[in-house]
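The shown structure was predicted, so the numbers you read here are calculated from the model rather than taken from an experiment. First listed ligand is number 1; within each ligand, the first listed atom is number 1.
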Amino acid sequence: MPAVPDITLNNGVTIPQLGFGTFQIPPEETRETTLAALETGYRHIDTAEMYGNEKEVGQAVRESGIDRADVFVTSKLNNDAHRHDDALRAFDRTMDELGLEYLDLFLIHWPLPGSTSGDFVETWKALEEIYRSGRAKAIGVSNFQPNHLRRLLESSTVVPAVNQIEVHPYLTQDAVRAFGAEHDIATEAWSPIAQGKVLSDPAITRIAERLGRSAAQVVLRWHLQRGDIVFPKSVTLKRIQENFALFDFELTEGDIGEISALNRDERTGPDPDTFNG
Ligand code: NDP
């Protein structure tokens, strides 16, 4: 199986373009499922305090026998920790749960633009301190719109390494991705298969049939060829393996255009401009 390509972030840190998502994996299943992903070959795991499974993700990484330097681990700051000191404490909590010496990437999970308890610019200053301490090798944001990013860039020194946003064929996010590309902020696509909602789209199943691949593989390949970082989630071993087998086929430019044309600006999750936790 050809290797997963690395993407180089704006501070020189490299991240495997394909990882494994752990949202909605119950804690009691997380250790075993994450170990199955690592055994399959995934070397990038995405978790968050909000998912309630950091402890089990950390256990899997430690018990896998894989060198720590060879696994990329991301976690995210909870929405109740947007004040400076709360953010520092939340990071400590995450590290205690994971039981790791350092984190590869730490993100502000949501901007919460109308929140009265903390502001993402203040939160970011705490993340910059964590970054300078070396305990997180890179820092970034999640669910930031261009207006949030503009405000952050005006008042900070470290440019976020990534922006993790909802992206799939029904929500192609052209404006946010273009803003990221312009400012050297890599786009990470969450819910890359829209939690399954795009898999029965006739345009996608037609391409899948032609290539002898599954609809999920076609959609994940679309993300990769557009240059985004993805981490599909599954608790099903067959799907964990299927979602990793993406490097021995290619979509044509025509396929990519056809899938991108399915956009209907349809979110599966909250709107970051109005969501306040
Ligand atoms: P995904 O788009 O990855 O879809 C997961 C769902 O699709 C599950 O129900 C899974 O079922 C099913 N599935 C997975 N693979 C296949 C396949 N090959 N064929 C058919 N069905 C399949 O959704 P997520 O919301 O989990 O997004 C991925 C990751 O993104 C998350 O796990 C999390 O790490 C991150 N995320 C970040 C957010 C943020 O705000 N920053 C928000 C949401 C997600 P089953 O498990 O039963 O096999």
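Q195 and T268 share no side-chain donor-acceptor pair at under 3.5 Å. A donor-acceptor pair shorter than 3.5 Å cannot be found between the side chains of R210 and T252. For the residue pair D46 and Q164, a side-chain donor N or O sits within less than 3.5 Å of a side-chain acceptor on the partner.
A salt bridge (Lys or Arg N to Asp or Glu O under 4.0 Å) with E49 holds for exactly one of K55, R93, K76; it is R93.
Remark: the backbone N or O of T22 is paired with a side-chain donor or acceptor of N53 at under 3.5 angstrom.
Considering every non-hydrogen atom in both F20 and S234, the closest pair reads CZ-O, 3.3 Å.
Under 4.0 Å from any atom of ligand 1, one finds heavy atoms of residues G21, T22, F23, D46, Y51, K76, H109, W110, S142, N143, Q164, W190, S191, P192, I193, A194, Q195, L199, A216, F231, P232, K233, S234, V235, T236, R239, E242, N243.
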